[in-house]
Protein chains: 4
Amino acid sequence: MEFADKQAIYLQIADKVCEFILSGEWSDNERIPSVREISVMMEVNPNTANRAYDYLQSMGVIFNKRGIGYFVAENGLEMTKQLKRSRFLEEDVPRFFRDMQLLGLNCSEVEQIFKKSNNNQ
Amino acid sequence: MEFADKQAIYLQIADKVCEFILSGEWSDNERIPSVREISVMMEVNPNTANRAYDYLQSMGVIFNKRGIGYFVAENGLEMTKQLKRSRFLEEDVPRFFRDMQLLGLNCSEVEQIFKKSNNNQ
Amino acid sequence: MEFADKQAIYLQIADKVCEFILSGEWSDNERIPSVREISVMMEVNPNTANRAYDYLQSMGVIFNKRGIGYFVAENGLEMTKQLKRSRFLEEDVPRFFRDMQLLGLNCSEVEQIFKKSNNNQ
Amino acid sequence: MEFADKQAIYLQIADKVCEFILSGEWSDNERIPSVREISVMMEVNPNTANRAYDYLQSMGVIFNKRGIGYFVAENGLEMTKQLKRSRFLEEDVPRFFRDMQLLGLNCSEVEQIFKKSNNNQ
DNA sequence: GTGGTCTAGACCACC
DNA sequence: GTGGTCTAGACCACA
């Protein structure tokens, strides 16, 4: 039934950072907004932004230079892709197909419904 | 029960109950395990099991007869299907396709990977 | 010259927890003090204690059960030993021998000095 | 046990300077690289290099002549040795033996491991 | 200017 | 009772 909790803000920020990296907007070794800057951009407390960066750093996606700022890791794009990919294939995909089966749907039906709803928007 | 999991335990239980209903294991109007029984089955605190049933009752999936026990609702299967279906199509599916795109995968690739991993199990 | 910074409090707490585990005081799967309890024991803000536990959890040394508390991980002792051991052998030991050499000391001299100073205490 | 924060850059520089002195590469009263030169060598901000020299000067390891440059102190080698020695014996050595004991290792084992890893390099 | 840490206090969901 | 998160504000070391 997927009664998903709303995600913590710091994880939402982390997620967005990952998307920027995945989309190529931020490249490997490139400097990213400072903690304070992103806290303004995202309209959250600097501590919360800091926590997001802390988390991403522990994941190896970004790193910081003392007194300078945060940077996308050397292999940040690859890192991010791997993290998201493994999570997607190991968690989201199996659940997706399981739910599909439970609901008595098949792949092409879902795809059609999805495309139709996209057109309506 | 996955205590370290992200999802609340009572929601994990509710999820399983729904699956039993969807899979036909528990039919409309059929009696389901008591709070105490299911708390033993799932190895959780009875309060937690109680909360799961509370939640399902509030959603109209099950109901109880005082002093007797809990039962799948008159239209429990339909109810469950609708809940899951709407959630699936409105939240899971869009996220699924979005992630797929971000990772540079397409539908058939994902399906292949999934089926392959299933065979290996 | 080893101008070491004083360590962050939350890391000092994490360190102490590791020592309790290494010394066998806290065994695998055993419950450890709650965040609030240890914050009182250590005389720090609960947030700081929480951060220490968070860190240890991310290292796989401890885990928590929702609403219940924190526990030493399944393989917590082994985990802790490995972490400490690798850090010791890869960082502390090389530096130790390098410093020893720079100071023109040898192993047995150092050991003697250490033992003598211990006796004096 | 990733408890070791990365050391401040200016302290890392100071450390290297001390090693040059201890190893005899730079002798008492000998001129050492200018702040600007060393900032280039170490690829750091000149301010940072300056801070390292400041620190070493305050410790009596080096001194400067206005408009000319920095020099190893009259008794720079002895000074450095003493500083390092006291720190080594009073802090590093006790910690070393304590960690060794916690990990269930003894002196000769550690020495063997260290030498073996050195040969492999 | 940068990040890092700590405190205080609050609210929440959960067991 | 438990942990998790967020805010606000402060101070520090560092570049």
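Here is how names work: the chains are called A, B, and so on, in the same order as the sequence lines, proteins then strands, and each is numbered from 1. Computed from a prediction, not measured in an experiment: that's the story for all the values here.
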Review point. Can you find a side chain N or O atom of C:T48 that sits less than 4.0 Å from OP1 or OP2 on E:dT7?
Key: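 Answer is yes, contact under 4.0 Å.
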
Check your understanding: Does OP1 or OP2 of F:dT5 have a side-chain N or O of A:Y10 closer than 4.0 Å?
Key ->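 Answer yes for this pair, as a side-chain N or O of A:Y10 is under 4.0 Å from OP1 or OP2.
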
Review point. Taking the six-membered ring for Trp, are the ring centroids of B:F96 and A:F88 within less than 6.0 Å of each other?
Key: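 Yes; A:F88 has its ring centre under 6.0 Å from that of B:F96.
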
Please report, rounded to the nearest Å, how far the [atom2] atom of [N] is from the [atom1] atom of [X].
X	N	atom1	atom2	value
D:D54	F:dC14	CG	C1'	14 Å
D:Y55	F:dC14	OH	P	10 Å
D:R51	F:dA13	CZ	P	8 Å
C:R66	F:dT5	CZ	P	10 Å
A:N45	F:dA8	CG	P	6 Å
C:L56	F:dG3	CG	P	13 Å
D:Q7	F:dC14	CD	C1'	13 Å
A:I13	F:dT5	CD1	C1'	12 Å

**Study point:** Nucleotide forming a Watson-Crick or wobble pair with F:dC14, both distances under 3.5 Å
**Key:**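 Partner of F:dC14: E:dG1.
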
Check your understanding: So, does the side chain of C:R36 form a donor-acceptor pair with the base of F:dG3 at under 3.5 Å?
Key ->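 Answer yes: a donor N or O sits under 3.5 Å from an acceptor.
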
Practice item. Examine the base of E:dG9 for any acceptor or donor lying under 3.5 Å from a partner atom in the side chain of C:N47, and report the outcome as yes or no. Key: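 When only heavy-atom distances are counted, C:N47 does reach the base of E:dG9 through a donor-acceptor pair under 3.5 Å.
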
Review point. Toward the 5' end of DNA chain E, which comes first, C:I9 or A:V35, by nearest nucleotide?
Key: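 Between the two, 5'-proximity favours A:V35.
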
Practice item. Verify the neighbour count for atom OH of A:Y55: are there more than 12 heavy atoms of other residues, nucleotides or ligands below 6.0 Å? Key: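 No, not enclosed.
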
Exercise for review: Could you grab the distance from atom CZ of A:F20 to atom NZ of A:K16, nearest 0.5 Å is fine?
Suggested key: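 Going from CZ on A:F20 over to NZ on A:K16, the span is 7.5 Å.
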
Exercise for review: Would you check, one step at a time, whether the test salt bridge (Lys or Arg N to Asp or Glu O under 4.0 Å) holds for C:R95 with C:D92?
Suggested key: CA-CA 5 Å; C:R95 189 158 45 82; C:D92 297 348; 3.5 Å; yes

